[in-house]
Protein chains: 2
Amino acid sequence: IPQSHHAGTGPQSARRNQPFLTPPEEEEGGGGMGRGKIEIKRIENQSNRQVTFSKRKNGILKKAKEISVLCDAEVGVVVFSSAGKLYDFCSPRTSLSRILEKYQTNSGKILWDEKHKSLSAEIDRIKKENDNMQIELR
Amino acid sequence: IPQSHHAGTGPQSARRNQPFLTPPEEEEGGGGMGRGKIEIKRIENQSNRQVTFSKRKNGILKKAKEISVLCDAEVGVVVFSSAGKLYDFCSPRTSLSRILEKYQTNSGKILWDEKHKSLSAEIDRIKKENDNMQIELR
DNA sequence: TCTTCTATATATAAATG
DNA sequence: TCATTTATATATAGAAG
């Protein structure tokens, strides 16, 4: 439902949405867009923070989907709001699991330390036991 | 280095960057931005695909950083180019590992089935070996 | 491949329902 | 809390080097 951008069709009662009367004042090279320029720092007002989160979260998920389709890229995105609600995206034809597997292989970083370490430790422990028994057997 | 937006200061030899002579023609509601509207479908030309990937990858990582700061959100992004190169972002004060741990708790999905299964299988195997030896020992 | 340049398309901050 | 509107700020497609 595109609005006509010209004057209007009658005695406009709407004069809301006044344009800025003062120039933006140039903060710094952050990001943001819209009516006024904003600084990239924590939004203190909780209500505004939530609104901005909701909008930007949608934006990122959309961008993620777009790059995955346009560029045939594998993308995984996980976002938690400050309230702890989860949102995520994963490119088609794969899974977060597979992407993360690839991440580890590629980066050398281990993502699941805890569980992984405890399992690995158990293996080591049992193997040692095993070795001792082999020695005893002889 | 902002350019002056007005005519210029001499006999312009530059007449590149011609504006569109034909209206955009309205494809569909995808996304994209810039000179022409593009459809959200795989870019077949490899060179263009790589260029677009590079630009959009930077865009997403920037957006991820911004939302994490502005909205105090936890964000993890992993991107692989179609050539297999890895790029990632993780919000400050946390780690991908921690984010993924939270993801699993929150979504109920297990991300590292494979690895876990293989490690668990190894443990079982070794334990069995172990048991057999114990029996032999007696 | 990377950078710069710019016209255009989008994203989004604020204001308002 | 969410949807709409609108002015602005950004992102980025395409062109060129």
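The structure displayed is predicted, hence computed values, not measured ones. Naming convention: chains lettered A, B, ... in sequence-line order (proteins, then strands); numbering from 1 in each chain.
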For Gln134(A), does the CD atom sit with more than 12 other heavy atoms under 6.0 Å from it, leaving out its own atoms? yes

Atom CD of Glu39(B) to atom C1' of dT8(C): distance rounded to whole Å? 17 Å

When you measure from the side chain of Lys62(A), which nucleotide among dA11(C), dT1(D), dA14(C) comes out closest? dA11(C)

Taking only the side-chain heavy atoms of Lys63(B) (C-beta and beyond), determine which of dA11(D), dG14(D), dT10(C) contains the nearest atom. dA11(D)

For the residue pair Val79(B) and Phe53(B), establish whether any side-chain heavy-atom pair is separated by less than 4.5 Å. yes

Length of the line joining Lys37(B):NZ and dT8(C):P, which is rounded to integer Å: 14 Å

Side chain of Gln50(B), heavy atoms from C-beta onward: which of dT12(C), dT12(D), dT1(C) has the nearest atom to it? dT1(C)

Shortest non-hydrogen contact between Ile99(A) and Ser91(A), atoms and distance: CD1-OG, 4.1 Å

Among dA11(C), dT6(D), dT12(C), the nucleotide that comes nearest once only the side chain of Arg35(A) is considered: dT6(D)

Do any N or O atoms from the side chain of Asn58(B) and from the backbone of Ser54(B) form a donor-acceptor pair under 3.5 angstrom? yes

Look at all strands and tell whether Ser47(B) reaches a base, only sugar-phosphate, or nothing, counting heavy atoms closer than 4.0 Å. nothing

Count the heavy atoms of every other residue, nucleotide or ligand shown that sit under 6.0 Å from NZ of Lys57(A), and state whether that count exceeds 12. yes

Please state how far atom CD1 in Ile60(A) lies from atom P in dT10(C), giving the value in whole angstrom units. 19 Å

What is the separation between atom CD on Glu44(A) and atom C1' on dA13(C), rounded to the nearest whole Å? 17 Å

Nearest to the Glu66(A) side chain among dA14(C), dA11(C), dA11(D), which nucleotide is it? dA11(C)

Between atom NZ in Lys55(B) and atom P in dA9(C), what is the gap in whole Å? 15 Å

Calculate the interatomic distance between Arg49(A) atom CZ and dA14(C) atom C1'; express it in whole Å. 18 Å

Distance, rounded to the nearest Å, where Asn58(B) contributes CG and dT3(C) contributes C1': 13 Å

d(CD1, Ile38(A); P, dA9(D)) in whole Å: 12 Å

Answer with base, sugar-phosphate or nothing: what part of the nucleic acid does Thr52(A) contact at a heavy-atom distance below 4.0 Å? sugar-phosphate

